[in-house]
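The next block holds one structure in the form of structure tokens; read it before the comments.
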Amino acid sequence: MQERNGRRKYDKQFKEEAVKLVTEGGRSVSDVARGLGIHENLLHTWKRRHKEDPAGSFPGKGHLKPPDEELRRLQKENANLKEDREILKKALAIFSKHPK
């Protein structure tokens with residue numbers, strides 16, 4: 001857990017353990033949240049995200065879930081290919097001109 005600019009940041013392991021205390025430990029969300037010193041709504045959000053996608057629920061700062069990461073990579077590749085195509089079009093126009 002890190003605190004910067006008044007916001008606390010929690011690592012993936014902390015979030016997973018908190019959710020595990022609720023789901024497998026049989027404790028209530030309010031008890032776990034109070035014990036960890038976090039807001040109850042935050043723990044509800046973590047629990048919901050974990051339920052939706054257990055493997056990729058907390059990808060970490062600057063990372064995306066695998067399908068979103070692949071989409072970002074493909075969009076970047078597509079933009080690079082479009083740029084290359086435009087460069088080749090301009091080169092073709094320059095070299096295809098006949099000198100007078």
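Excluded from the calculations below are hydrogen atoms, water molecules and symmetry mates; all remaining heavy atoms, backbone and side chain alike, are included.
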Legend entry - Rounded distance [0.5 Å steps], NE2 in H44 versus CZ in R48: 11.0 Å
Legend entry - Separation of H50 NE2 from K20 NZ (nearest 0.5 Å): 8.5 Å
Legend entry - L88 CG to E83 CD distance, which is reported to the nearest 0.5 Å: 11.0 Å
Inset, instruction - Could you pull out all residues at least two apart from K89 that satisfy side chain to side chain contact (heavy atoms under 4.5 Å, CB included)? - result: R85, E86
Inset, instruction - With side-chain contact (heavy atoms from CB on, under 4.5 Å) as the test, would you mind laying out the steps for I38 and Y10 before giving the verdict? - result: CA-CA 10 Å; I38 60 175; Y10 304 97; 3.3 Å; yes
Legend entry - Taking every non-hydrogen atom, the tightest pair across A18 and V32: O-CG1, 3.9 Å
Legend entry - R34 side, atom CZ; H39 side, atom NE2 - distance, nearest 0.5 Å: 12.0 Å
Legend entry - Gap between atom CD1 of I87 and atom CG of L92 - 0.5 Å precision: 13.5 Å
Inset, instruction - Test side-chain contact (heavy atoms from CB on, under 4.5 Å) on L43 and K47 and set out the steps. - result: CA-CA 6 Å; L43 187 52; K47 185 180 170 190; 5.6 Å; no
Inset, instruction - Starting at CG of L74, measure out to NZ of K76 and round the result to the nearest 0.5 Å. - result: 12.0 Å
